[in-house]
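So that the names make sense, note that chain A is the first sequence line, chain B the second, and so on, each numbered from 1.
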There are 2 protein chains.
Amino acid sequence: MTQHRQNILVTVDTAIFTLQDSQLQVLLVQRATEPFKGAWALPGGVVQEEPDGSLEQTAFRKLAEKTGVASPYLEQVMTFGGPERDPRGYSVSVLYMALLRSTELVLQGDDRVSDIAWVRVDGERVDRPLAFDHAKLLEAACQRLRSKAQYSSLIAHLLPDEFTLSELREAYSSILGVSLNAAGFRRRVLQAGLVEEVKGAFRHHGRRPAQLYRLHPESNQVYFETNLMWRVGEG
Amino acid sequence: MTQHRQNILVTVDTAIFTLQDSQLQVLLVQRATEPFKGAWALPGGVVQEEPDGSLEQTAFRKLAEKTGVASPYLEQVMTFGGPERDPRGYSVSVLYMALLRSTELVLQGDDRVSDIAWVRVDGERVDRPLAFDHAKLLEAACQRLRSKAQYSSLIAHLLPDEFTLSELREAYSSILGVSLNAAGFRRRVLQAGLVEEVKGAFRHHGRRPAQLYRLHPESNQVYFETNLMWRVGEG
DNA sequence: TGAATAGTGTCTGTTAGACATTATGCA
DNA sequence: TGCATAATGTCTAACAGACACTATTCA
């Protein structure tokens, strides 16, 4: 068996999500270079052995370049590889998902990008074709987001630091595509210890002011007890 | 910006699990070549652009080479990358997890392997040090296995095609590390539609013969309703 | 006929979901 | 003072967990 010299292009791509008016948005860039020049794509780039350490560091670097955000919620989703994905040859893309708080964000392109925009996600799609197999990547990221939303505090990372329970419920409702009972939601979220009250802080845009909450600082991800298939027995 | 020529080694490694006497086992190989010659490692190998299509096909090929099993349960777990993992330079490993039915398996090495063995998994560890960062990879695979076991039919893929509910419960119990109520387990598994009865087939090694079941053929993975954070409302 | 395991019936505490009710501030 | 939204209370059906009980085979 000969030691075959590999020629594989390794990239990190990130589906960067945020919420605007309770609508899920993903950050897309328009490619300025071949291949797929002019097409929209998930932001990403080639892994560079020199500046980058782990793959996660690569993702963080790309994220900071595009959004200026230093430490959002970041999670590896899945890796795609094959000979047909990129006309330049066999390629491997490590897909990450990032959740940004829905505050104002300054977007910044670079010389390999001719435009950059937030695009509304409808189901698991956007309104335009994507370069490479990025439609498939976006689908995978959406599925991960939805499935984790069902049993964890993930969605709170899409909201501002402080939020009302109604805002949180709206966000879950929009992303899961179901209407949620307000009283039940409140009870479950509070009982799970997902959030903590911000003492004396209220949101005033409704009639009665609403208590503001924030995620519990020590745990950035809370899972609900009721997921567990079986409770742990004593014996 | 200069188009830097990447020099990254891409491999696929697989944590192949099975059950023996209700104990979780993982398949390890002893390396016959440098680096880490003589050390034990998860089976895996370099992605070859020529014979392989997708990464999953690479994993299936390696699996068939080692175990002769054509189509076990296979799932991508996570990808590890960095400059420190492999002394040869920056490397990327795509980790898969495979579940094999606990029937007799003929193991076969190749010229890059000096030995191959099933090794008992205790918690998320084995009784010997592993090459590269494979201890971390094994840990990740074990965590995925345990977390999915809590709310899905995954564990059934570790059993023979036909099994009793007691055997299934034993397997879950061993892997989750908890004792499970027999009556409750039976009710949940049957109600979830996880298995179907094999009419007229019984296991006779106890006193009263036990009904044999098999996984529902159309769905190789069943999730329990009770995972869902909230039931879907009508409105 | 007793031992051992398979499988069923029943009770109970918890909790999610539905909905009614109260609280609060603003127009 | 009426209204809209926030927040709480109450009722009920579903169900997990515990455990008692029955069923079935073999030694």
(request) Could you tell me whether Thr164(B) contacts a base, only the sugar-phosphate backbone, or nothing, with contacts defined as non-hydrogen atoms closer than 4.0 Å? (result)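 Counting heavy atoms under 4.0 Å across all strands, no contact is made by Thr164(B).
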
How many whole angstroms separate atom [atom1] of [X] from atom [atom2] of [N]?
X: Leu212(A); N: dA7(D); atom1: CG; atom2: C1'; result: 15 Å
X: Phe202(A); N: dT5(D); atom1: CZ; atom2: P; result: 18 Å
X: Arg203(A); N: dT24(C); atom1: CZ; atom2: C1'; result: 17 Å
X: Arg188(A); N: dT8(D); atom1: CZ; atom2: P; result: 18 Å
X: Phe163(B); N: dT5(C); atom1: CZ; atom2: P; result: 21 Å
X: Gln150(A); N: dA16(C); atom1: CD; atom2: P; result: 16 Å
X: Arg186(A); N: dC19(C); atom1: CZ; atom2: C1'; result: 15 Å
X: Glu197(B); N: dA6(C); atom1: CD; atom2: P; result: 15 Å

(message) Under the rule for ring pair (Phe, Tyr, Trp, His ring centres under 6.0 Å), what residues qualify as partners of Phe80(B), not counting sequence neighbours?
(response) none

(message) Checking Phe202(B) now: which residues fulfil ring pair (Phe, Tyr, Trp, His ring centres under 6.0 Å) with it, not counting sequence neighbours?
(response)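 Result, ring pair (Phe, Tyr, Trp, His ring centres under 6.0 Å) vs Phe202(B): none returned.
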
(message) Please check if the number of heavy atoms outside Lys136(B) that lie under 6.0 Å from its NZ is greater than 12.
(response)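 Not buried by this count: 12 neighbours or fewer within 6.0 Å.
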
(request) Quick one: list whatever passes side chain to side chain contact (heavy atoms under 4.5 Å, CB included) with Ala59(A), sequence neighbours left out. (result) Val12(A), Thr14(A), Leu74(A), Tyr96(A)

(request) Report the residues that fulfil side chain to side chain contact (heavy atoms under 4.5 Å, CB included) with Ala39(A), sequence neighbours left out, ordered by chain and then residue number. (result)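 Once residues adjacent in sequence are excluded, the partners of Ala39(A) under the side chain to side chain contact (heavy atoms under 4.5 Å, CB included) criterion are Phe36(A), Ala131(A).
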
(request) With axes from five pairs an end, tell me the bend angle of the helix from dT1(C)-dA27(D) to dA27(C)-dT1(D), nearest 10°. (result) 10°

Going by side chain to side chain donor-acceptor pair (under 3.5 Å), name the residues that satisfy it together with [X], two or more places apart in sequence or in a different chain.
X: Glu167(B); answer: Arg203(B)
X: Glu162(A); answer: Arg214(A)
X: Gln23(B); answer: Arg120(B)

(message) Under a 3.5 Å distance rule, please check whether Arg101(A) uses its side chain to pair with a backbone N or O of Leu158(A) as donor and acceptor.
(response) no

(request) Quick one, give me the B/S/- string for nucleotides 19-27 of chain D, reading 5' to 3', where B means a protein heavy atom under 4.0 Å from the base and S means that only happens at the primed atoms, P, OP1 or OP2. (result) B---BBBBS

